Protein chains: 2
Amino acid sequence: MSLPHAILTALLEKPSSGLELTRRFDRSIGYFWSATHQQIYRELGRLETDGLIRALPAEQPSRGQKKSYEVLPAGRDELARWTAASQDPKPHRDPLLLRLRAAAVVGTAGLEADLRRHLQLHERQLAEYREIEERDFPPGRDGTGDRLRHLVLRAGIDLETFWTQWLRRALEDFPGPPEG
Amino acid sequence: MSLPHAILTALLEKPSSGLELTRRFDRSIGYFWSATHQQIYRELGRLETDGLIRALPAEQPSRGQKKSYEVLPAGRDELARWTAASQDPKPHRDPLLLRLRAAAVVGTAGLEADLRRHLQLHERQLAEYREIEERDFPPGRDGTGDRLRHLVLRAGIDLETFWTQWLRRALEDFPGPPEG
DNA sequence: TCACCTTGTGCAACTAGTTGCATAAACAGT
DNA sequence: ACTGTTTATGCAACTAGTTGCACAAGGTGA
């Protein structure tokens, strides 16, 4: 149950409409908690009903009209509560590793191309993270908030680094040596 | 839609009953594709209906009686097809990173203890992986299947290594420096 | 022989996330 | 005026995964 809290965090950083949130989820926040606009609108409705956020007054709050939300005190409290609460790490689910395991049984035919594609995607993501780091976190200037946000970004960078290295290694000892 | 393929892989490695599968999912396969026994029984039913697996004949195929399954040719074909098919990487969802991001806004109170707990859990998992590596993949002896399975295990080891390092770094520059 | 524990199988309801589509206003070109 | 595109909001149905519970057989000990 993290989506509402992801939205609360985003709204605290900056009050936004559903579409603006969607765009921010496609960038920074979505890097470790993705969501579609349908999920976001549904959740905004719930959060408003529950009194954790409220719509900012607008001229014509009808369809096809921007509707911005801000976080209420109850929402901030709930986010603080959730952040401090102990949570067990959820088990991983990785289809790519599963496919490698399956390939150990039914053969590797057709897998290599997709591994190369994944490598490219991870390289691209890594480059994007590095750009963000250069732009948003130059040396010096470190508030607590900045330090934490930088830490989160470093996790992204390190994870993508892991994947690119692992995929390169996989591709190395993968199709070259003849099947045995 | 990976659970059926995880089950097919497991059954090809060794025909098993629902409970045996559940136990194997708690160990090796479940490290990157976890599943509860309820999911497994439900999926076994579907796979049997679809003609991808079949129950091995037993004396008393009733309730409270072991029922083993084996993969049929159609099941092997489906697994090979799925393994070779191109798949897009699913976006990550990581509540812990999200919590750090939230903490950048609402404060870090109460977070440190849970980070330490996560660190311990990852250290334990890493130790377990290393044991498995020592036991199952001693130097030399490398069939294609072994090589791939070792590669998958290495992914697990490297990921846990990343998490332990990242959490240690987080804890370092986290509670020590006074809030500012 | 009754009470309890373990092993093994399974259903039903719920929660979270995805996919597909509908609606409406504003604007741009023709 | 009409056609199409972009911006913006939202519902409904579906899929996958989780949680809670039930049922049955066999063994153990009191």
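Below, chains carry the letters A, B, ... as their sequence lines are ordered, and counting in each starts from 1. Keep in mind that this is a model prediction, so the values were computed, not measured.
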Quickly work out the A:Glu20 CD to D:dA8 C1' distance and round it to whole Å. 11 Å
Any residue meeting ring pair (Phe, Tyr, Trp, His ring centres under 6.0 Å) with A:Tyr31, in chain and number order, not counting sequence neighbours: A:Tyr129
How many Å lie between NZ on A:Lys67 and C1' on D:dG10, as a whole number? 10 Å
Please identify each residue that fulfils ring pair (Phe, Tyr, Trp, His ring centres under 6.0 Å) with B:His118, with sequence neighbours left out. none
Considering residues at least two apart in sequence or located in another chain, which fulfil the side-chain contact (heavy atoms from CB on, under 4.5 Å) criterion with B:Ala35? B:Leu3, B:Phe25, B:Gln39, B:Ile40
Could you pull out the protein-nucleic contacts involving nucleotides 16-19 of chain C (nitrogen or oxygen on both sides, under 3.5 Å)?
residue, atom, partner, partner atom, Å
C:dG17, O3', B:Arg93, NH1, 3.3
C:dG17, N7, A:Arg42, NH2, 3.3
C:dT18, OP2, A:Gln39, OE1, 2.9
C:dT18, OP2, B:Arg93, NH2, 3.0
C:dT18, O4, A:Arg42, NH2, 3.1

A:Leu21 CG - D:dA8 C1' separation (whole Å): 13 Å
In terms of side-chain geometry, is the basic nitrogen of B:Arg81 or B:Glu78 positioned less than 4.0 Å from the acidic oxygen of its partner? yes
Could you list the donor-acceptor pairs under 3.5 angstrom formed by side chains in residues 42-52 of chain A, with sequence neighbours left out?
residue, atom, partner, partner atom, Å
A:Glu43, OE1, A:Arg46, NH1, 3.1
A:Thr49, OG1, A:Gly45, O, 2.9

A:Glu48 atom CD is separated from D:dG10 atom C1', nearest whole Å, by 14 Å
The side-chain contact (heavy atoms from CB on, under 4.5 Å) partners of A:Arg149 (sequence neighbours excluded) come to A:Glu13, A:Phe137, A:Asp146, B:Arg101, B:Ala104, B:Val105
With a 3.5 Å cut-off and heavy atoms only, can you find an N or O donor on one side and an acceptor on the other between the side chain of B:His37 and the base of C:dG10? yes
What nucleotide among D:dA8, D:dG10, C:dG10 has an atom nearest to a side-chain atom of A:Leu19? D:dA8
Contacts of B:Glu128 that satisfy salt bridge (Lys or Arg N to Asp or Glu O under 4.0 Å) - sequence neighbours left out: none
Sorted by first residue and then second, give each ring pair (Phe, Tyr, Trp, His ring centres under 6.0 Å) pair with at least one member in residues 67-97 of chain B; sequence neighbours left out. B:His5-B:Trp82
Is B:Ser17 touching bases, backbone alone, or none of the nucleic acid, heavy atoms closer than 4.0 Å? sugar-phosphate
Roughly how many Å is it from CD in A:Glu43 to C1' in C:dT15, rounded to a whole number? 11 Å
Just the rounded figure in Å: distance from P of C:dT7 to OH of B:Tyr41. 12 Å
Within residues 4-16 of chain A, residues whose heavy atoms come under 4.0 Å of DNA chain C: none
Quick one: do B:Arg23 and B:Asp26 make a salt bridge, cutoff under 4.0 Å? no
